[in-house]
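To start, the structure under review is shown below, and the notes come after it.
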Amino acid sequence: MEPEHCRNELNALVCDFVERLCLKASCAALQPPLLAEKLPLGLSVAAPKRTAASLRWLLRGERPANAPCDPSEQEEAGLAVVDLCALLVSETVLVHYTPRPKGITPPPIQQSGEEAIDEKYWKRRYNYFARFDEGIRMDPGAWFEVTPESVARHIADRFQYDTVVDGTCGVGGNAIQFAMTSRSVVAVDTDAQRLADARHNARIYGVADRIRFVHDDFVKFADNYTGAPVDAVFLSPPWGGPGHLDCPHFSLRDVQVPDIMQLFAAAAKLCPRVALYLPRHTDLHEVAILAAQHGFPAVEVEKVFFQHPTPHLKLVVVYFSSDVAQQGIPKSITQKSVGRDRAQRLMQSKASVPELLSASAAGVLLRAVYCRSYLGRFVVSLALRLEEGESVTGRTCKAPHRGQGQPRQRLRSGGKGSCSNPVEIQRATAQNLCEAFGTTAVESDALVSARELLAEVPLTNALTLAKNAVQASGEDFGKSILRLGREKYPEAYRMVLDKRKAELMARTALT
Ligand code: MGP
């Protein structure tokens, strides 16, 4: 290639990279990303705000016509709440128990092609595949992309269906575990060598006959699919390699190929139950937008922690399904000890990990180093041990700063995690919304009625109502919602009013 041509190509690549970074930064400046580490266990509501241009960028990859770098140049007026989405935040702590299998001489440190394996990954080989020494095949990308066996097994335990599709099979970490809990698995990948490795690995686990390996692009595969009805789709797209953690947050637009938005759309078309495996610092506002775009009023965000050396957030799995709006609000952390055989120890613990980390001695500094390095984790561990004498309860948390008329970034979980059925979820969501958007601290009549009204209408309608109310400028949230309620849901509104009237009459009659 001509040097001039090379230079131009390099220039174009660098310009493209810088432009993408600027786009991402300007979106974050308009609305700070919503990170899993800031979300408490329980129920939260995401209120993603975007300008029309940044929304087109996220959803369709269309670049804005003007330079996006200076957020002040973006028209403030165009910034609107895209949609609201209920986030059911669950927490799972996994304890690996993968002793070296007896009677098998472990192979020496492996070379994969010309590239040496990073020692960090090599040390974790039994975490990736407990039966590694029986001849598991990996490739350079798989060392950092494969789902650790404990995580894959945990997700598979939640996915017990007839037909599961793994749209990004890789060397088979997830597909193998799905084959242990579901009747049949279709494993799709664009890389023929990886599929061959996955088939080989599945034979080691004795499940190759339950997996159909398909060499195809998942989007095309989903378009042409004619097989048995699919019960669930799992997607673990590339995150941009180990360097993805260098950025303060991950955007679904960080990876160019494959397009995660397209992958998801294809999956949602195949089956309305999709799980997305994402980095721990994913901007969940984007996830909420994705959910809204595909008609999911609520998603479950599962924060997956590893126990050792101290509990640390490793990744998030987002479950998109209509079931989520019906399930109970997570109350406690699931602790799971995952061993070489399928026997597991299940434990329930009380305090959430972030709650422990908000402990005074842990402080801002420790939270900053948290999850960044082993050193950071040991420091946190030390601080936690120092604090063991202190009671975890009774610590006060500062309320997050809220600008006037602005929704809070972080919302409290509803009903102290006491919700267990759809009606309670409904009420807790309404409570959450009122707390987030109410402009007066004092319980006004309008807010009380708004809460009742929101609790009466279905979750999707409640979220739509609240979104419209937020967008209706210059009015108190409670009043706007009442007005909108009266217009859009006259039946529900009348019911609420009648109930209130009846209560009032009963109270008057008693006094
Ligand atoms: P990791 O590299 O083991 O640990 O990634 P971490 O927390 O990133 O850094 P460290 O400081 O602990 O070393 C954790 C898990 O994330 C991996 O085992 C993979 O399952 C998943 N993962 C990591 N990357 C870079 C990718 C990726 O690009 N794509 C997908 N699908 N998963 C990834």
Side-chain angles (χ1 to χ4, degrees), residues 35-37 92-96 98 117-130 132 136 138-156 166-178 187-191 194 198 201 218 233-260 263-264 267 274-282 287 302-318 338 353 368-381:
L35 302 181
E37 65 179 14
T92 302
V93 182
L94 294 174
V95 186
H96 295 279
T98 48
I117 300 158
D118 188 320
E119 202 189 334
K120 169 179 105 170
Y121 298 125
W122 180 250
K123 278 186 184 157
R124 295 176 184 171
R125 60 195 183 281
Y126 299 114
N127 286 356
Y128 299 142
F129 287 100
F132 186 88
I136 289 294
M138 301 278 269
D139 65 27
W143 281 102
F144 57 77
E145 272 184 11
V146 72
T147 305
E149 188 164 311
S150 58
V151 185
R153 192 182 285 186
H154 168 69
I155 300 171
D166 180 350
T168 46
C169 167
V171 297
N174 288 100
I176 290 170
Q177 297 302 324
F178 286 137
V188 187
D189 206 288
T190 46
D191 187 326
R194 282 190 154 188
N201 295 340
F218 176 70
V233 180
F234 175 78
L235 290 174
S236 169
W239 302 347
H244 72 285
L245 282 173
D246 295 345
C247 282
H249 75 277
F250 177 80
S251 159
L252 299 178
R253 275 267 157 243
D254 274 0
V255 179
Q256 272 177 294
V257 183
D259 180 327
I260 298 178
L263 277 185
F264 185 86
V274 184
L276 200 51
Y277 186 81
L278 291 170
R280 55 181 173 250
H281 63 327
T282 301
V287 168
E302 184 178 36
K303 294 161 71 173
V304 179
F305 294 83
F306 278 8
Q307 175 71 29
H308 297 298
T310 62
H312 56 287
L313 182 60
K314 201 70 177 168
L315 49 101
V316 295
V317 187
V318 184
V338 184
V353 177
V369 292
Y370 174 64
C371 290
R372 280 275 156 239
S373 65
Y374 274 110
L375 181 66
R377 286 179 211 146
F378 280 122
V379 179
V380 173
S381 149

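Just so you know, these numbers come straight off a predicted model, no measurement behind them. Start at 1 and go down the list; that is how both ligands and their atoms are numbered.
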Original post:
Counting heavy atoms only, which of Phe306, Phe144, Tyr277, Tyr121 is nearest atom 23 (C) of ligand 1?
Top reply: Phe144

Subject >> Reported OG1-to-CG distance for the pair Thr147 and Asp166, which is rounded to 0.5 angstrom >> reply: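 It comes to 8.0 Å.
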
Subject >> Straight-line distance of Phe264 CZ to Leu252 CG, nearest 0.5 Å >> reply: 10.0 Å

Original post:
For ligand 1, is any non-hydrogen atom under 4.0 Å from Ser236's backbone (N, CA, C, O), its side chain (CB onward), both, or neither?
Top reply: both

**OP:** Would you kindly specify which portion of Pro237 sits under 4.0 Å from ligand 1, judged on non-hydrogen atoms: side chain, backbone, both or neither?
**Re:**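 The part of Pro237 near ligand 1 is the backbone, not the side chain.
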
Original post:
So is there a nitrogen or oxygen of Val146 less than 3.5 Å from a nitrogen or oxygen in ligand 1?
Top reply: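 Indeed, backbone or side chain, Val146 has an N or O that close.
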
**OP:** Report yes if His244 has an N/O atom closer than 3.5 Å to an N/O atom of ligand 1; otherwise report no.
**Re:** no

Original post:
Would you call Leu276 and Val287 a side-chain contact if the rule is heavy atoms closer than 4.5 Å?
Top reply: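 SC-SC contact between Leu276 and Val287 ruled out.
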
Classify the angle between the aromatic ring planes of [X] and [Y] as parallel (below 30°), tilted (30 to 60°) or perpendicular (above 60°).
X      : Y      : value
Phe234 : Phe178 : perpendicular
Trp143 : Trp122 : tilted
Phe306 : His312 : perpendicular

Ligand 1 atoms in contact with [X] (distance to a heavy atom under 4.0 Å):
X      : value
Thr147 : 20 (O)
Arg280 : 7 (O)
Leu245 : 8 (O)
Gly241 : 25 (C), 28 (O)
Pro148 : 18 (O), 20 (O)

Original post:
Which atoms form the tightest heavy-atom contact between Glu149 and Ala130, and what is the distance?
Top reply: OE1-N, 2.8 Å

Original post:
So, does His312 sit close enough to ligand 1 that a heavy atom of it is under 4.0 Å from the ligand?
Top reply: no

Original post:
Distance-only, no hydrogens or angles: does the Lys303 side chain make a donor-acceptor pair with backbone N or O of Ala36 under 3.5 Å?
Top reply: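 Answer holds: yes.
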
